[in-house]
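Every chain is numbered from 1 and lettered A, B, ... according to where its sequence line falls, protein lines coming before strand lines. This one's a predicted model, so the numbers in the text were calculated from it and none came from an experiment.
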Amino acid sequence: MSNKYPNPHANKIFTALLQYYKGHGTALRFSTTFQLLCAVILSAQTNDNQVNKITDKLFAVASDSAALAAMSLEQIEELIKTCGLYKNKARHLQQAARIINEQYGGEVPQTREELETLPGVGRKTASVVLFVGFNIPALPVDTHVLRVANRLALADSSTPAGTEKQLCAQLAPELWGDIHHALIWHGRTICLGRKPQCAKCFLRQDCPFVV
DNA sequence: ATCCCGAGGG
DNA sequence: CCCTCTGGAT
């Protein structure tokens with residue numbers, strides 16, 4: 001265990017993050033894996049609160065892939081308009097719903113390869129569905145994870161793929177998803193993009209970034 | 001003005 | 001590698 005993950009700095013930070021954000025999962029509201037997939041597709045370049053406002057209404061009208069596949073593009077666009085990038089997202093939702101309905105019997109596929117063939121589903125979205133939906137080890141890397149991991153010297157990559165590889169190599173797979181959520185919450189509440197709240201950060205004594 | 005749990009296309 | 005898509009909150 002300790003010789004597999006020998007970086008004392010990283011181990012200390014990971015432990016502190018996991019403890020501090022224990023129990024903080026996703027803020028997205030959903031009741032099925034299909035709904036989770038839709039919520040994550042909608043979450044690009046907006047915040048979870050905006051997504052929840054939309055999905056509360058969307059899932060009331062279309063709770064599964066069959067119902068969503070039956071909606072017109074215009075209907076979907078109208079419902080999701082307030083989250084931005086809505087034309088792409090509406091098309092992705094409709095097409096993904098059709099594929100899941102027709103090729104997967106209405107059930108979201110459980111492999112990364114299958115998930116990433118769905119329109120609107122890239123590596124990050126697939127990782128979220130794998131971990132949150134199916135409890136399969138994955139470490140989704142978004143802008144928060146990339147920024148916070150670099151500031152804390154847990155990674156030094158400029159790309160999500162690089163950051164994911166570096167983080168995964170330093171953590172047991174059963175912790176990948178939890179550290180993802182911890183880094184997300186840290187990035188949202190303390191380690192903000194423009195104005196990091198270093199004065200109130202519990203990691204400042206071990207953080208090389210501190211401003 | 002800047003940011004928000006990105007993906008697809010050129 | 002770059003660009004585009006996009007409304008709402010702060």
Side-chain angles (χ1 to χ4, degrees), chain A residues 17-18 21 23-30 33 35-58 73-74 76-100 108-109 112-134 136-152 154-155 157-164 167-168 176-197 211:
Chain A
L17 280 167
L18 291 170
Y21 296 103
H24 290 233
T26 181
L28 296 171
R29 283 198 290 272
F30 61 94
T33 309
Q35 292 182 2
L36 167 66
L37 173 66
C38 292
V40 181
I41 289 174
L42 288 168
S43 71
Q45 292 302 108
T46 188
N47 58 55
D48 290 349
N49 190 40
Q50 294 299 109
V51 174
N52 286 332
K53 286 188 209 169
I54 288 168
T55 52
D56 285 348
K57 293 186 292 182
L58 179 66
L73 202 54
E74 292 72 23
I76 299 174
E77 286 181 356
E78 192 55 39
L79 272 170
I80 73 168
K81 210 158 194 171
T82 56
C83 74
L85 311 182
Y86 70 95
K87 289 188 178 180
N88 286 340
K89 290 176 183 177
R91 188 159 30 82
H92 292 155
L93 284 179
Q94 189 192 50
Q95 291 177 358
R98 286 177 177 171
I99 293 170
I100 289 169
V108 178
R112 176 181 299 285
E113 291 70 29
E114 290 172 306
L115 285 167
E116 290 188 8
T117 66
L118 297 171
V121 181
R123 186 171 182 87
K124 181 256 168 178
T125 299
S127 292
V128 174
V129 172
L130 287 173
F131 173 63
V132 179
F134 300 120
I136 294 169
L139 205 167
V141 175
D142 56 35
T143 55
H144 290 307
V145 173
L146 180 63
R147 178 184 72 251
V148 176
N150 279 342
R151 285 180 177 171
L152 287 167
L154 300 170
S157 172
S158 60
T159 67
T163 300
E164 178 181 339
L167 290 178
C168 286
W176 290 352
D178 292 334
I179 206 67
H180 156 72
H181 280 134
L183 289 168
I184 291 273
W185 282 103
H186 197 58
R188 279 189 190 166
T189 57
I190 297 176
C191 198
L192 310 181
R194 278 302 175 106
K195 297 180 178 177
Q197 312 294 107
V211 290

Output the rounded distance in Å from [atom1] ([X]) to [atom2] ([N]).
| X | N | atom1 | atom2 | value |
| --- | --- | --- | --- | --- |
| A/F30 | B/dC5 | CZ | P | 16 Å |
| A/L115 | B/dA7 | CG | C1' | 15 Å |
| A/L42 | B/dC4 | CG | P | 18 Å |
| A/E164 | B/dC5 | CD | P | 19 Å |
| A/D48 | B/dC4 | CG | C1' | 9 Å |
| A/I80 | B/dG6 | CD1 | C1' | 14 Å |
| A/I41 | B/dG8 | CD1 | C1' | 13 Å |

So does A/G187 get a backbone contact from the side chain of A/R147, meaning a donor-acceptor N/O pair under 3.5 Å?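 Answer holds: yes.
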Is A/K81 reaching over with its side chain to a backbone N or O of A/Y86, donor-acceptor style, under 3.5 angstrom?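 Not a single qualifying donor-acceptor pair exists.
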A/G120 and A/T125: which non-hydrogen atoms are nearest, and at how many Å?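 Between these two residues, the closest heavy atoms are O-OG1, 4.2 Å.
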Test side-chain contact (heavy atoms from CB on, under 4.5 Å) applied to A/H180 and A/L183, A/I184, A/D178, the passing residue: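 Of A/L183, A/I184, A/D178, side-chain contact (heavy atoms from CB on, under 4.5 Å) with A/H180 is met by A/I184 alone.
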Starting from the C-alpha separation in whole Å, work towards a yes-or-no answer on side-chain contact (heavy atoms from CB on, under 4.5 Å) for A/L17 and A/L152. CA-CA 11 Å; A/L17 280 167; A/L152 287 167; 4.2 Å; yes
Quantified in whole Å, what is the P atom distance between nucleotide B/dG10 and nucleotide C/dT6?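 The same atom, P, in both gives a distance of 16 Å.
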Using the P atoms only, state how far C/dT4 lies from B/dC5, rounded to an integer number of Å.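 It works out to 24 Å between them.
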Roughly how far, to the nearest 0.5 Å, is the CG atom of A/D48 from the CZ atom of A/R188?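 That separation rounds to 4.0 Å.
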CG/A/L79 to CD/A/E74 distance, rounded to the nearest 0.5 angstrom?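 Those atoms lie 12.0 Å apart.
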Mapping A/R194 and A/E116 onto DNA chain B by nearest heavy atom, which one lands closer to the 5' end?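 It is A/R194, whose closest nucleotide lies nearer the 5' terminus.
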OP1 or OP2 of B/dC5 sitting under 4.0 Å from any side-chain N/O of A/H180?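 No, outside the criterion.
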Which part of the nucleic acid, if any, lies within contact of [X], taking any heavy atom under 4.0 Å across all strands shown: a base, the sugar-phosphate backbone alone, or nothing?
| X | value |
| --- | --- |
| A/G193 | nothing |
| A/P160 | nothing |
| A/R91 | nothing |

Compare all side-chain heavy atoms of [X] with those of [Y] and state whether any distance is below 4.5 angstrom.
| X | Y | value |
| --- | --- | --- |
| A/K124 | A/P160 | no |
| A/L154 | A/V148 | no |
| A/L118 | A/I41 | no |
| A/L37 | A/I100 | yes |

Under 4.0 Å protein heavy-atom contacts per nucleotide of nucleotides 1-10 of chain C, with B for base, S for backbone only and - for none: ----BBBSS-
May I ask you to check whether A/Y21 and A/H181 place their ring centres under 6.0 Å from each other?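 They do not qualify: ring centres at least 6.0 Å apart.
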Considering only heavy atoms, which members of residues 183-190 of chain A lie under 4.0 Å from some atom of DNA chain C?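 Per residue number, the list is empty: none.
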Going by number, which of residues 121-132 of chain A have a non-hydrogen atom under 4.0 Å from DNA chain C?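 Output list: empty, so none.
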